[in-house]
Amino acid sequence: MPELPEVETARAVVERHALGRKIVEVDDSDEYECRPHQPGQIREALLGRTLTAAHRRGKSMWVDTSDAGPVLGLHLGMSGKIVVTDGDGVEQDGGDYWRRGRAPGDLRFTRFVLEFADGGWLRLVDPRRLGRVRLDPDVEKLGPDAARIAPTEFRNLFRRSTAPLKARLLDQERIAGLGNLLVDEICWRAKVSPARPVDELTPAEVTRLRSATAAAVTSAIEQGGVHTGEIIAHRRAGGVCPRDGAPMVRGTVGGRTTWWCGREQV
DNA sequence: TATAGTGTTATCGG
DNA sequence: ACCGATAACACTAT
């Protein structure tokens, strides 16, 4: 679920609601979510500190801590969500992007908790447990953030490779933040097949892809998640392209289930 | 009950 | 060494 737009929203929630509150307890007992740290390791590193700034690159977010403390890395994986309670107990979760939504107060799948001195808390709620919590995460391997990538960098993504377009856009080391749904949305907006070898793309197609990337990312952040994309509701059996009415085609590209308009996206 | 899945990563083969 | 495809990971919803 979480792609760049959801992570940006989560980052903003942390920035607005969690900074400056003293950490008085930490539950890092989920050994899978907190791998490779041992239980208690993250707790010891954070007790007594405050969060001071929230950052993001691609789908990775991280939070600085006070008093020369470690950086707390948070990755939402496939199903993670950050939920913060304000001092008055009201939950802030940055919008509903789970398949069927997360009812307020549904904390069944909490995998990591920071408790603050005012009684509030920050939780990572993650049913599938593919997210992770890490001290001092390495984010240097990530490519440029998809929301801020420069035109030249974007063009260079497609040089000297016969990889399918979708595989290249999903490669987090080359451009960070795009996921399965966002890439389908971008290819559809640009009217390019996700299976096209990238070194065969024309300059006009690359330009359309660059514009579509910026527009799709911006729109998804504003509208509340990648599921608000124009093509997403049509990614299903029997779906038709909302532009020309042609049937949507399903296939596997870059190892992921992919849908595209069989008429426009060639 | 069987299957798919909005992410990442180790492994395998070319 | 690089690159791409694949499977595995953990678990729920359908």
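Throughout, a chain's letter reflects where its sequence line sits, starting with A, and its residues are numbered from 1.
For the OP1/OP2 pair of dC3(C) and a distance below 4.0 Å, the side-chain nitrogens and oxygens of Arg174(A) include at least one atom meeting the criterion. For the pair Ser161(A) and dC3(C), the criterion of a side-chain N or O lying under 4.0 Å from OP1 or OP2 is not met. Between Arg168(A) and dG4(C) there is a side-chain polar atom (N or O) within less than 4.0 angstrom of OP1 or OP2.
On the P atoms, dT9(B) is 23 Å away from dT12(C), given to the nearest whole Å. Comparing dT1(B) with dC9(C), their P atoms sit 22 Å apart, to the nearest whole Å.
The residue among Arg128(A) and His75(A) whose nearest nucleotide of DNA chain B is located toward the 5' end is Arg128(A). Taking for each of Thr162(A) and Tyr32(A) the nucleotide of DNA chain C with the nearest heavy atom, the 5'-most of the two is the partner of Thr162(A).
Distance from the side chain of Arg256(A) is smallest for dG7(B) among the nucleotides dG4(C), dC11(C), dG7(B). Of all nucleotides listed (dC11(C), dG7(B), dG5(B)), dG5(B) comes nearest to the side chain of Arg250(A). Ranking dG4(C), dG5(B), dA10(C) by closeness to the Leu130(A) side chain, first place goes to dA10(C). Closest approach to the Pro127(A) side chain among dT8(B), dC3(C), dT12(C) is made by dT12(C) (side chain taken as heavy atoms from C-beta onward). For Asn180(A), taking side-chain heavy atoms from C-beta onward, the closest of the listed nucleotides dG7(B), dA10(C), dT9(B) is dG7(B). For Glu3(A), the side-chain atoms get nearest to dG7(B) when compared with the rest of dG7(B), dA13(C), dC3(C).
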Let me have DNA chain C in dot-bracket notation, would you? Count Watson-Crick plus G-U wobble pairs, both distances under 3.5 Å, and use [ ] for pairs crossing earlier ones and | for inter-strand partners. .||||||||.||||
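Side chain of Thr218(A) to main chain of Ala214(A): a donor-acceptor pair is present (N/O by atom type, distance under 3.5 Å, no hydrogens or angles).
Among Ile175(A), Leu181(A), Asn180(A), the one residue that satisfies the side-chain contact (heavy atoms from CB on, under 4.5 Å) test with Leu178(A) is Ile175(A).
In this structure, Arg132(A) places its CZ atom 14 Å from C1' of dA8(C), rounding to the nearest Å. At whole-Å resolution of the value, CG in Leu170(A) and P in dG4(C) are 12 Å apart. Distance CZ (Arg236(A)) to P (dA4(B)): 18 Å, rounded to an integer number of Å. Distance, Arg134(A) CZ to dT8(B) C1': 14 Å, rounded to whole Å. Put simply, CG on Asp171(A) is 13 Å from P on dG7(B), counting in whole angstrom units. Remark: C1' of dC9(C) and CZ of Arg129(A) are 11 Å apart, rounded to the nearest angstrom. Rounded to whole angstrom, the span from the CD atom of Glu173(A) across to the P atom of dT9(B) amounts to 8 Å. Here dT8(B) presents its P atom at 14 Å from CG of Asp138(A), a figure rounded to the nearest Å.
Looking at His55(A) and Asp64(A), their side chains do bring a donor and an acceptor atom within 3.5 Å of each other. Under the 3.5 Å distance criterion, with hydrogens and angles disregarded, a donor-acceptor pair is assigned to the side chains of Gln92(A) and Asp86(A). Looking at Ser79(A) and Asp126(A), their side chains do bring a donor and an acceptor atom within 3.5 Å of each other. Remark: the Arg21(A) side chain and the Thr50(A) side chain contain no N/O donor-acceptor pair separated by less than 3.5 Å.
Of all heavy-atom pairs between Gly58(A) and Asp145(A), the closest is N-OD1, 2.6 Å.
Within the 4.0 angstrom heavy-atom criterion, no nucleotide atom of any strand lies near Arg160(A). When heavy atoms are screened at a 4.0 angstrom cut-off, Arg35(A) is found touching no nucleic acid atom at all. Backbone-only contact: Thr257(A) has heavy atoms under 4.0 Å from sugar-phosphate atoms and none from a base.
At a threshold of 4.0 Å, the pair Glu6(A)-Lys81(A) does not count as salt-bridged, since none of the basic side-chain nitrogens sits closer than that to a carboxylate oxygen.
Shown here is Arg16(A), whose CZ atom has no more than 12 heavy atoms of other residues, nucleotides or ligands within 6.0 Å.
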